[in-house]
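These numbers come from a predicted model, not from an experiment. Numbers here are sequence positions counted from 1.
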Amino acid sequence: MSSDERTARLAAPPGNTVFPLGAHLTDLGARFSVASTSADAVELCLVELPEDGEGPPVERRVELTERTFGVWHGTVEGLRAGQLYGYRVHGRYDPAAGLWTNPAKILVDPYARRITGRLVALEPALAYAEDPVHGPPSTVDSLGSVPLSVLTDNPPTAEPGPGVPWSDTVIYELHVRGFTKLHPDVPEEHRGTYLGLAHPAVLEHLLRLGITAVELLPVHAFADEHELARRGQRNYWGYSTLGFLAPHAGYASAPGNEVDEFRAMVAALHAAGIEVILDVVYNHTCEGGVHGPSLSLRGLDSPAYYARDGHGDLVNITGCGNTLDPASPAVARLVCDSLRYWAGLGVDGFRFDLASVLGRPGGGAFDPRAGLLTMIAADPVLATRKLIAEPWDATGEGYRLGGFPTQFSEWNDRFRGTVRDFWRGASGVSELASRLTGSSDIYATTGRRPWASVNFVTAHDGFTLRDLLSYQRKHNWPNGEQNRDGTDDNRSQNFGIEGETGSPAIRAERLRTARAMLATLLLSTGTPMLTAGDERWRTQRGNNNAYCQDNATSWTSWAPDPEAEALTAFTARLLALRFDPRAPDRQRFFSPKDVVWWHPEGRPLVEDDWHDWDARTLGMLAGERWMLVLHAGAEPVELVLPDVPLAPVLDSNSPDGTPADTRQAPAGATITVPARTALLLFGP
């Protein structure tokens, strides 16, 4: 086909329907609908790849002549699932006005349900030549260098999930690829894929622990940031979205089968009684700042998607170069359509990355009643899903812990900081008591329940549990950013040696403290979240920002390891005890009469005790049948028990948590609590 034939504009039969947006098969072919209020013309590009893999792609351009509500749409006959396509947009190129419209760049459909290919060369994907603000538009065609959209069948709606109540939820944050990449029982072709996560051996591990929900790091189709591409690195975590309705193709065992494999994974987890929560990134995209590529939204209608300040510059409250504007109807529609689509695939909940951005129209002040947050909370489908906010962004204005609408639970970083400080001997017991009981000081006044506090000690960003107790400072040199990336506020400890050690005494002390921290997390009121691999004593060698480490640094090790096996057994024991019938009711906040805070001297705490910053021991007696004792001191402490008979059922000083002596202690007895130990005692 000649160049003239390839670029000829062919009139498309007019489409009668604007919504839903995206590409949808019809009886005669397919209907296409894409929003762009700034375009003068939009061409649908139907792409064919050479069968032998040699030579450039061939495209047929079809002009979408119908424009309704700022949406360009039309129907093309004779198309079938599997057709590759993209869009070329014609219009004004004016970077000062936020317009990088350039028909030389073929663009991914924001509503594509499958995306194939990757960014193989950065330069052809740039809308500009020389300079993004002052330079002319690039004339280099990006076809062949960038991903393409794929026309798909409409997947059937999934069956309802397990419906685990919030009060019974235990979340396990994991990476689809990293969790099974090294698993010996998973077939090699399924390791690191959706099907790998659905394997019976993997499900057995989750069930053994007592997990009720997996929270998957981003599985939306993503692309490598241009700075990573320049350094020859890859994005591993996936917080760099390209398509909000397409499963990431790299997690499929068979190319092009990602939608079906994702659905199979969800079905397998549901059959095991485990819910699926997605970590979703609706605050920025992979296109980055003005120097980044034009892959989709930037070329379609940048002003309609990205927030700009009073000087015309892109707002950057995400730290990633661009910010999706939640005040834009195009953004609000895309976010809600995306969420409903994934809910239709069986997803049970969503964790919103940098969620404060969704409540900051135009990048301005945070408003919990902002339109997009209200739309999500009020949607009849989404309101039935678990909604979790990461209640901050990259700015001070964005830190909004406790400030989200009542429909949302929140990642509680104050729990993380308090528990880390207590177990490294850097705080008293005052704030710890609040965190143990569901953080009523943060959530009770808004009418939320204790489970609105998603409690965690570690997460994907930051140290693993092992590294938290092995490194005093970050070691991120392999990331290629001169160790400048990642937080410096780790609140960690290394017990005298930085990093790994062969010292049996230090290794034992680290594991003892790890068990105590896990006990604090999993026995607290609120929704606990474990980070995958912590129970297997996983290390990242001190890297607290392994976002670009798609290797053994980030992957979970399943190699036989006595320490890992013991810590796994300890974690499973903890979660079984969390749901013991004698455990306190965690569905509502405790009243003062429900809890007695206990001093080692054998009395309730008084006002002065709460202000003793050197206090290292706290007892929590709920009723007369459940008592938790946390002792962070470096030396043992003698503790006088309350005037009720109690028997130890968990001792974190023991590798698997089994107390050395399980006999019931008489009322008022004195017991010795070893250094850095958590004890759980039950009454008759």
Side-chain angles (χ1 to χ4, degrees), residues 164-174 209-215 275 277 279 349 351-352 355 386-392 399-404 408-424 427 429-444 446 448-465 468 491 513-532 534-535 570-571 574-575 577-579 583-590 595 618 620 622 628 630 632 652 678 680:
V164 179
W166 259 118
S167 56
D168 293 340
T169 297
V170 178
I171 297 173
Y172 190 77
E173 188 198 36
L174 66 83
L209 288 176
I211 302 303
T212 72
V214 291
E215 182 175 302
E275 295 185 316
I277 297 171
D279 195 336
R351 179 265 188 189
F352 295 88
K386 290 182 167 70
L387 304 176
I388 305 170
E390 182 183 38
W392 51 79
Y399 186 79
R400 295 290 168 167
L401 181 69
F404 273 74
F408 288 80
S409 295
E410 297 175 1
W411 270 27
N412 187 347
D413 68 323
R414 285 183 62 181
F415 182 97
R416 173 180 61 185
T418 299
V419 172
R420 290 185 178 192
D421 281 345
F422 177 76
W423 286 108
R424 69 189 179 106
S427 71
V429 299
S430 178
E431 187 166 359
L432 180 65
S434 296
R435 305 303 146 240
L436 289 174
T437 53
S439 296
S440 60
D441 55 329
I442 299 173
Y443 298 108
T446 61
R448 286 185 273 186
R449 299 281 188 94
W451 39 256
S453 176
V454 177
N455 299 332
F456 64 107
V457 175
T458 65
H460 66 275
D461 55 341
F463 282 146
T464 66
L465 182 62
L468 184 67
R491 307 189 190 192
T513 309
R515 292 190 294 267
M517 296 179 84
L518 285 171
T520 309
L521 169 65
L522 298 180
L523 298 177
S524 290
T525 297
T527 301
M529 185 186 79
L530 280 165
T531 303
D534 273 355
E535 80 284 1
F570 178 81
T571 305
L574 274 173
L575 283 172
L577 289 169
R578 178 181 178 86
F579 295 105
D585 180 8
R586 297 184 177 90
Q587 295 193 57
R588 291 174 174 79
F589 290 110
F590 296 112
V595 176
L618 180 66
M620 176 185 172
L628 177 65
L630 304 177
S652 69
L680 182 63

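Among residues two or more places apart in sequence or in another chain, the salt bridge (Lys or Arg N to Asp or Glu O under 4.0 Å) test is passed with Glu173 by none.
Summarising the geometry, atom CD belonging to Glu390 is positioned 7.0 Å from atom CG belonging to Asp461; distances are rounded to the nearest 0.5 Å. Rounded to the nearest 0.5 Å, atoms CG (Asn455) and OG1 (Thr527) are 7.0 Å apart.
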Subject >> CA sep, side-chain torsions, deciding dist, call: Trp423, Thr520, side-chain hydrogen bond (donor to acceptor under 3.5 Å, both in side chains) >> reply: CA-CA 10 Å; Trp423 286 108; Thr520 309; 3.0 Å; yes
Original post:
Step by step, would you call Leu530 with Ile211 a side chain to side chain contact (heavy atoms under 4.5 Å, CB included)?
Top reply: CA-CA 9 Å; Leu530 280 165; Ile211 302 303; 4.1 Å; yes
**OP:** Could you please spell out the steps behind the side chain to side chain contact (heavy atoms under 4.5 Å, CB included) verdict for Trp166 and Lys386?
**Re:** CA-CA 8 Å; Trp166 259 118; Lys386 290 182 167 70; 3.5 Å; yes
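Looking at Thr464 and Thr531, their side chains never come closer than 4.5 Å, going by heavy atoms from C-beta outward. Annotation: side chain of Pro165 is not in contact with side chain of Gln587 (no heavy-atom distance under 4.5 Å). Proximity of Phe590 to Pro450: side-chain heavy atoms (C-beta onward) are nowhere separated by under 4.5 Å.
Here Arg435 pairs with Asp441 in a salt bridge; the nearest charged N to carboxylate O distance falls below 4.0 Å. Look at Glu431 and Arg414 and you find a salt bridge, because one of the NZ, NE, NH1 or NH2 atoms lies within 4.0 Å of a carboxylate O, short of that distance.
Under a 3.5 Å cut-off, the side chain of Glu275 and the backbone N or O of Val164 do form a donor-acceptor pair. Between the side chain of Arg424 and the main chain of Ala632, no donor-acceptor pair closer than 3.5 Å is present. Without hydrogens or angle criteria, Thr446 side chain to Tyr443 main chain gives a donor-acceptor distance under 3.5 Å. Not one N or O on the side chain of Glu215 forms a donor-acceptor pair closer than 3.5 Å with the backbone of Arg351.
Applying the side-chain contact (heavy atoms from CB on, under 4.5 Å) test between Val457 and each of Val419, Leu522, Asp534 identifies Val419 as the sole match.
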